[in-house]
Amino acid sequence: MKTVFALAAIAALASKVSAASCWANRLGYQCCKGNTVVYTDSDGKWGVENGNWCGIVDGTQQNATCWSQPLGYPCCQSTSDVIYTDSDGDWGVENGNWCGIIKGGSTGGGTGGGSTTPGEQYTISGNPFSGVEFYINPYYVEEVDNAIAQMTDSSLKAKAEKMKTYPNAIWLDNIKNMQSWLQPNLEKALAQQSGSKKVLTVFVVYDLPGRDCHAMASNGELLANDSDAQRYKTEYIDVIEEQLKKYKSQPIVLIIEPDSLANMVTNIETTPACAESQDYYFDGHAYLLKKFGVLQHVAMYLDIGHAFWLGWDDNREKAAKVYKKVIDSGSPGKVRGFVDNVANYTPWEDPTLSRGPDTEWNPCPDEKRYLEAMYKDFTSAGIKSVYFVSDSSRNGHKTDRKHPGEWCNQTGVGIGARPQANPISGMDYLDAFYWIKPLGESDGTSDESAERYDGYCGHDTAMKPAPEAGQWFQAHFEQGLENANPPL
Ligand SMILES: *[C@@H]1O[C@H](CO)[C@@H](O)[C@H](O)[C@H]1NC(C)=O
Ligand SMILES: *[C@@H]1O[C@H](CO)[C@@H](O)[C@H](O)[C@H]1NC(C)=O
Ligand SMILES: CC(=O)N[C@H]1CO[C@H](CO)[C@@H](O)[C@@H]1O
């Protein structure tokens, strides 16, 4: 008890000592301890330390190999166990005193094998889904167990059992859920590693101010105003960044803000709420890309809607410009690529459809043709890294919808391709099929009196009664199991 208290006191002291000020502070960044210039803009010279941007104070000649010494602490000699992380870096304890852990240090320990202590920095090179194990979310396993308890048919139960072996993305869809789901799952993913393969965790970043400006069912907690935009940065993005930096020894994929940029392509002129949100959407992206895009163990995919949203020629052309601009605004933060069909039902391949009246002249009437076209358009627009992840959680079976734009609780749903890296030979730019939307979680309520009721959820081909978005929807889950393609 006494030791713990003493350490906490020293930590408080450490954070005081490190509050050196420089021009970068007013922009929300720390001052660099070293002086290696990575990027220069009108604000000044920028460096990267501990995976984060920092401002370089001209004339400093500090000891960059041991960052904690200028703060009055030695470097750790034999430990790399992180006890505490702050904006200065990772702290360990040796001989009862704090010491700074040198990034990329040679001391071992904490590299998986059931450990819950992050090990050395992991660097993603190429496809983040390749050569890793996928993290199985215990919360989803529990939801499936509850669903099985309500089933009587033994063959259906057997199918549901198999669902517990596949991964899903974890949605950080408000500040509270982010606090509950991010760190515990990163820690469990670390503990899940048993062999030499790293365990990949996929999170959905989904809390922009004025979220889902064109629909009602998934509106978020933050409004499109300045104070909520500030909360998005400090209470959401910054906190995510802090945890990502702590869990630096494992690969992490981030799915960025579903629907937001697709709305910026098609709905600014037609939907006032989208026009009001646009500055916050663009600014929010620039902010998070700069922060997450410099972390070597993190790969990001920006959402591009689906074939029946941006598939038309004019929409694709506009999209290439919007996405290019957004990626440039986050420079030099890097984006790996794009994610399509999140929480949607459009089949991967649908040979029955071709450009014509049935598709409202959409030349990309399935996700495969959509990605082929987007790959061409995005690369020729000058976007450097164009890879895709396609959500296949619910597109195995053509649903009953009469119009391909229907999205809510469609009847006839079926699970699609299983999560897998490099699933299509000859399509090297498709990094993976993955289940982004967990099957069984509702798209939106069919209760017309509910505040978040959206007309689409009352349409003929929407399953009813349906619970609120995100709540468990047993009938939808069971139908997805029955119609799985390939079968479970
Ligand atoms: C830099 O840090 C190392 C490691 O702690 C130390 O041995 C060395 O004396 C320091 N050099 C300077 C110039 O402070
Ligand atoms: C922004 O919206 C929030 C509600 O989420 C509200 O509490 C706050 O007062 C608003 N701020 C401004 C400046 O309008
Ligand atoms: C499984 C289920 O609830 N299906 C219903 C979906 O909604 C249609 C009408 O909108 C009903 O006919 C189905 O029974």
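Along the sequence shown, the residues carry numbers beginning at 1. Start at 1 and go down the list; that is how both ligands and their atoms are numbered. As the structure is a computational prediction, the values presented were derived from the model and not from experiment.
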query: Quick one: disulfide (SG to SG under 2.5 Å) pairs with a partner in residues 286-342, sequence neighbours left out?
result: none
Please tabulate, for the side chains in residues 429-436, all donor-acceptor contacts under 3.5 angstrom to protein atoms that are two or more places apart in sequence or on a different chain.
| from | atom 1 | to | atom 2 | distance (Å) |
| --- | --- | --- | --- | --- |
| D431 | OD1 | R336 | NH2 | 3.0 |
| D431 | OD2 | Y301 | OH | 2.6 |
| D431 | OD2 | R336 | NE | 2.9 |
| D431 | OD2 | R336 | NH2 | 3.4 |
| W435 | NE1 | S392 | O | 3.3 |
| W435 | NE1 | A417 | O | 2.9 |

- prompt: With a 4.0 Å cut-off, would you call D259 and R211 a salt bridge?
  reply: no
Any non-hydrogen protein atom less than 4.0 Å away from atom 2 (O) of ligand 2: yes
- prompt: Between T346 and N395, do the side chains contain an N or O donor and an N or O acceptor separated by less than 3.5 Å?
  reply: no
message: Does the protein come close to atom 7 (O) of ligand 2 - that is, does one of its heavy atoms sit below 4.0 Å from that atom?
response: no
- request: Assign the ring pair F338 / F378 to parallel, tilted or perpendicular, where the plane angle (0 to 90°) is split at 30° and 60°.
  value: perpendicular
task: Please write down residue, atom name and distance for the protein heavy atom closest to atom 10 (C) of ligand 2.
output: N225 ND2, 2.5 Å
message: Under a 4.0 angstrom heavy-atom cut-off, which atoms of ligand 2 come close to S227?
response: 1 (C), 8 (C), 10 (C), 11 (N), 12 (C), 13 (C)
task: Examine ligand 2 and decide if any of its atoms is less than 4.0 Å from a heavy atom belonging to D228.
output: yes
